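Okay, so here's the structure we're looking at.
Everything quoted here is computed from the prediction, not taken from an experiment.
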Amino acid sequence: MSPFPGSNQRSLAVGPRPFTVSRVPVSTSCRGGVHHGRRVLVSRRRGRSGSSAAATSGATGSPEVASSRPPNRPSGARHADTGCLKQGCSPPVQWRGGHHHHYHHHHQRHNASSCGGLVVTAAASGPLSLGDLLLDVPEIDGDIRSLQVEMGAIFNDAGLATTYGRKREALQALETGVVLVDQSHWGRLRVTGEGRLALMHSQSTADFHRLQPGQSADTVFVSATGRCLDLVSALVLPSSVLLLVDSREGKDALGARLDKIIFRGDNVTVQDISTRTAQIALLGPEAEVVLRELAPDALSGVLGAKPGTHVLVGFRGKPVFVAAMSGLGPSVPGYTFVADETVGGDLLAALAAKGAIPMGTDDWEAARILVGRPTRGSELTDAYNPLEAGLYAAVSLNKGCYIGQETLAKLHLRDGVNRQLWGLRLDGPTSPGAEITSEMSKVGLVTSTCQDADGEWVGLGYLRSRLEGTQVDLEGVRVAVAGAPATVTAIPFASRKFSAEAESPVVRAADAAGAAAEADVDSIAGRLEEAKKKKAEAQAEKQAAMESKLKAMQERLTAWQAAQQQQQQ
């Protein structure tokens with residue numbers, strides 16, 4: 001069963017631009033269970049171009065989806081939208097082993113979605129279920145872990161690929177190339193029902209009433225006192241909201257929290273679809289180039305689109321959401337895929353074949369510290385609020401009442417943010433919890449640390465950011481961490497100011513009144529200064545006239561005295 005039911009009206013299936021995949025071997029098994037070979041993905045033939053344009057013109061960019069099942073065709077006929085043969089043609093995928101290889105039997109059902117890469121097909125008439133996308137197609141049966149093994153992954157006790165031994169390359173590629181990250185260990189919750197948007201609106205900081213299907217937003221779940229619980233990416237779909245949580249622990253905590261506050265009359269259901277889906281991120285400035293090579297038509301709705309835009313397509317007959325988001329903020333471009341778990345391995349293989357550098361969980365941790373993305377349990381705890389965490393962009397004070405809003409509004413109105421999350425360039429290894437001091441006084445705490453691409457130690461920490469009642473830009477400030485010298489650095493993920501749409505009308509009115517008052521004060525002060533200047537000028541003129549008069553009198557007196565002396569002689 002699809003993990004994304006009930007969110008379809010427009011057909012987005014897989015086809016005619018082929019995934020050109022060059023020999024990516026992965027350990028697997030044939031369906032017969034008696035042969036173990038190695039999988040080789042083979043380039044597929046390009047489909048006919050005419051139908052691709054027609055199909056694209058029929059799509060509106062909406063993520064709504066309908067069936068991609070093509071009509072029945074006579075044996076041996078070509079699909080008009082893919083140019084492939086229904087029967088008797090060479091299949092797009094071939095198994096090859098050491099002593100044995102075989103093809104999928106041509107009597108297997110064939111359809112347009114199995115013909116190649118990604119394609120957008122025309123919308124079907126009438127309401128259809130997304131289940132119609134689940135067609136019988138030739139399967140590779142590749143799995144993500146097998147591919148990770150082939151790529152040289154090192155796994156931890158939990159079975160997660162922590163690194164591929166290419167940390168330096170991966171971190172550098174975030175700035176200059178393309179990186180591939182398996183995020184399937186993240187949590188994914190699907191919220192459905194008529195009251196889903198109202199629930200999200202009242203329980204988190206983003207303004208969900210402003211979001212339309214095909215859009216998404218980062219939102220913070222906070223306590224009643226405005227303290228951080230978790231940062232979540234929310235994708236708004238036609239009939240549901242998909243929540244992406246960066247840890248299974250966070251997903252479990254959020255799911256339990258939502259279950260407690262949902263009542264029968266709310267008409268809301270929360271489903272955990274984590275184990276039924278895979279999540280993959282393609283990051284870096286070259287990510288868009290890769291996707292344009294793979295599927296420019298099917299992904300035209302997200303390529304170059306506003307961050308957060310997402311579409312629903314099909315891959316091997318299974319649904320895949322593609323969102324223009326990296327999870328690392330505006331400084332790192334990228335795309336996130338949420339796919340049916342049965343095709344997660346094949347999707348990862350197709351992206352890896354384009355030369356993307358793999359990144360493990362430890363490498364991702366370093367990346368998120370370098371950009372300053374806060375995470376649950378480290379920067380997001382009940383000791384800090386979203387404004388201190390630099391999450392102004394994920395908070396709205398202008399959307400009506402929600403849990404924690406009053407506290408956040410008062411904090412902003414009174415300019416009460418006394419500490420902020422900043423980056424740190426450290427002198428050496430440091431543990432979270434270490435004190436940050438300045439002139440022997442404690443000014444903050446370290447929350448996360450790691451090594452960057454050059455092996456230098458960096459970290460995140462909260463620092464006191466007000467001096468004599470004024471917010472101070474701390475970038476470049478020298479401090480001490482656990483007694484060792486350190487330098488405060490900027491973090492590109494952080495936002496420290498509300499947008500006009502997100503700020504409360506009360507705050508905006510107060511700011512306007514303050515600006516007017518300042519203008520009035522400036523005006524009065526100017527008039528007073530002008531009056532003082534004129535008075536001083538008048539006094540100077542009066543003094544000059546008096547001095548001139550005295551001088552003239554002195555001259556007359558001197559002349560009279562001289563005349564008297566002459567008469568006496």
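- Thr437 contributes no side-chain N or O that, together with a main-chain N or O of Lys442, makes up a donor-acceptor pair within less than 3.5 Å.
- Relative to the six-membered ring of Trp422, Arg496 meets both conditions, a distance below 6.0 Å and an angle of at most 45° to the axis.
- Under a 4.0 Å N-O distance rule, the pair Glu379/Arg368 qualifies as a salt bridge.
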side-chain contact (heavy atoms from CB on, under 4.5 Å) between Glu341 and Thr275: does it pass, once the steps are laid out? CA-CA 8 Å; Glu341 61 91 18; Thr275 59; over 6 Å; no
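- Counting only heavy atoms from C-beta outward, the side chains of Gln271 and Leu189 never approach each other to under 4.5 Å.
- Smallest separation of non-hydrogen atoms from Leu174 and Ala367: CD1-CB, 3.6 Å.
- Closest non-hydrogen pair, Ala170 versus Pro358, comes out as CB-O, 4.1 Å.
- Salt-bridge formation is not detected for the pair Asp246/Arg376: no Lys NZ or Arg NE/NH1/NH2 atom is positioned less than 4.0 Å from an Asp or Glu carboxylate oxygen.
- Residues Pro492 and Val371 form a side-chain contact, since some pair of their non-hydrogen atoms from C-beta on lies under 4.5 Å apart.
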I'd like to know whether His412 forms a ring pair (Phe, Tyr, Trp, His ring centres under 6.0 Å) with Phe498, so could you lay out the CA-CA distance, the side-chain angles of the two residues, the decisive distance to 0.1 Å, and finally the verdict. CA-CA 10 Å; His412 178 56; Phe498 284 113; 4.7 Å; yes
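- Atom CG of Leu460 is separated from atom CG of Leu445 by 13.0 Å, given to the nearest 0.5 angstrom.
- The closest side-chain heavy-atom distance from Ile273 to Leu242 is below 4.5 Å.
- Rounded to the nearest 0.5 angstrom, Arg248 CZ and Ser274 OG are separated by 4.5 Å.
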Contacts under 3.5 angstrom, residues 253-268 side chains, donor-acceptor by atom type, not counting sequence neighbours:
residue	atom	partner	partner atom	Å
Arg257	NH2	Val222	O	3.2
Asp266	OD2	Phe263	N	2.7

Are Ile403 and Phe221 close enough, and set up right, to give a side-chain contact (heavy atoms from CB on, under 4.5 Å), and what steps lead you there? CA-CA 9 Å; Ile403 187 170; Phe221 285 85; over 6 Å; no
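- A distance-only check finds a donor-acceptor pair linking the side chain of Tyr402 to the backbone of Ser396 [under 3.5 Å].
- Between the side chain of Thr381 and the backbone N or O of Gly377 there is no donor-acceptor pair closer than 3.5 Å.
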Salt bridge (charged side-chain N to carboxylate O under 4.0 Å, His left out) between Arg316 and Asp340, intermediate numbers included: CA-CA 10 Å; Arg316 302 194 181 285; Asp340 187 290; over 6 Å; no
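- Residue Ala356 comes nearest to Leu180 through the heavy atom pair CB-CB, 3.8 Å, listed as atom of the first residue, atom of the second, then distance.
- Residues Thr336 and Leu282 form no side-chain contact, since every pair of their non-hydrogen atoms from C-beta on lies 4.5 Å or further apart.
- A heavy-atom distance below 4.5 Å is not found between the side chains of Leu424 and Thr489.
- For Ser202 (side chain) and Ala198 (main-chain N/O), a donor-acceptor pair under 3.5 Å exists by modelled atom type.
- Annotation: salt bridge (charged side-chain N to carboxylate O under 4.0 Å, His left out) contacts of Glu388 (sequence neighbours excluded): Arg419.
- Gln405 places a side-chain N or O within 3.5 Å of a backbone atom of Gly400 that can act as its donor or acceptor partner.
- A salt bridge links Arg425 to Asp452: at least one charged side-chain nitrogen sits closer than 4.0 Å to a carboxylate oxygen.
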Hey, mind stepping through Tyr462 and Tyr384 against ring pair (Phe, Tyr, Trp, His ring centres under 6.0 Å) and telling me if it holds? CA-CA 9 Å; Tyr462 284 96; Tyr384 309 108; 3.6 Å; yes
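- The shortest side-chain heavy-atom distance between Leu312 and Val320 does not fall under the 4.5 Å cut-off.
- Taking both residues in full, the closest heavy atoms of Leu235 and Met325 are given as CD1-CE, 3.8 Å, listed atom of the first, atom of the second, then distance.
- Side-chain atoms of Thr487 do not come within 3.5 Å of backbone N or O of Arg478 as any donor-acceptor pair.
- At least one donor-acceptor pair under 3.5 Å links the side chain of Arg373 to the backbone N or O of Gly327.
- Rounding to the nearest 0.5 Å gives a distance of 13.5 Å between CZ of Phe493 and CD1 of Ile369.
- If you take OG on Ser441 and CZ on Arg464, they are separated by 7.0 Å, rounding to the nearest 0.5 Å.
- Under the 4.5 Å side-chain criterion, counting only non-hydrogen atoms from C-beta, Leu391 is in contact with Leu380.
- Annotation: the span from Leu397 atom CG to Leu413 atom CG amounts to 9.5 Å, rounded to 0.5 Å.
- Heavy-atom neighbours of Gln471 CD from other residues, nucleotides or ligands within 6.0 Å: above the threshold of 12.
- Counting non-hydrogen atoms of neighbouring residues, nucleotides and ligands closer than 6.0 angstrom, the CZ atom of Arg466 exceeds 12 such neighbours.
- Note: Trp364 and Trp186 have perpendicular aromatic rings, judged against thresholds of 30 and 60 degrees for the angle between ring planes.
- Looking only at side-chain heavy atoms (C-beta outward), Val220 and Pro386 come within less than 4.5 Å of each other.
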Give the C-alpha distance, both sets of side-chain angles, the deciding distance and a yes or no for side-chain contact (heavy atoms from CB on, under 4.5 Å) between Glu249 and Asp252. CA-CA 5 Å; Glu249 296 78 15; Asp252 292 340; 5.7 Å; no
Show the atom names and distances, to 0.1 Å, of all donor-acceptor pairs under 3.5 Å that link a side chain in residues 223-233 to residues at least two apart or in another chain.
residue	atom	partner	partner atom	Å
Ser223	OG	Thr225	N	3.4
Ser223	OG	Thr225	OG1	3.1
Ser223	OG	Arg227	N	3.1
Arg227	NH1	Ala383	O	2.7
Ser233	OG	Asp218	OD1	2.8

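- Between the Asp346 side chain and the Val343 main chain, no donor and acceptor come within less than 3.5 Å of each other.
- Pairing each heavy atom of Arg292 with each of Gly304, the nearest pair is NH2-N, 4.2 Å.
- Distance alone, capped at 3.5 Å, is enough to place a donor-acceptor pair between the Thr449 side chain and the Thr430 backbone.
- Of the possible donor and acceptor atoms, one in the side chain of His310 sits under 3.5 Å from a partner among the backbone N and O of Gln215.
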Go through it in stages, so that I can follow the logic: the residues are Val236 and Gln212, the test is side-chain contact (heavy atoms from CB on, under 4.5 Å), and I'd like the CA-CA distance, side-chain angles, deciding distance and then a yes or no. CA-CA 7 Å; Val236 178; Gln212 301 296 321; over 6 Å; no
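- Looking at every heavy atom in both residues, Ala394 comes nearest to Thr205 through O-OG1, 2.5 Å.
- For the pair Lys251 and Asp272, the salt-bridge criterion is met [side-chain N within less than 4.0 Å of a carboxylate O].
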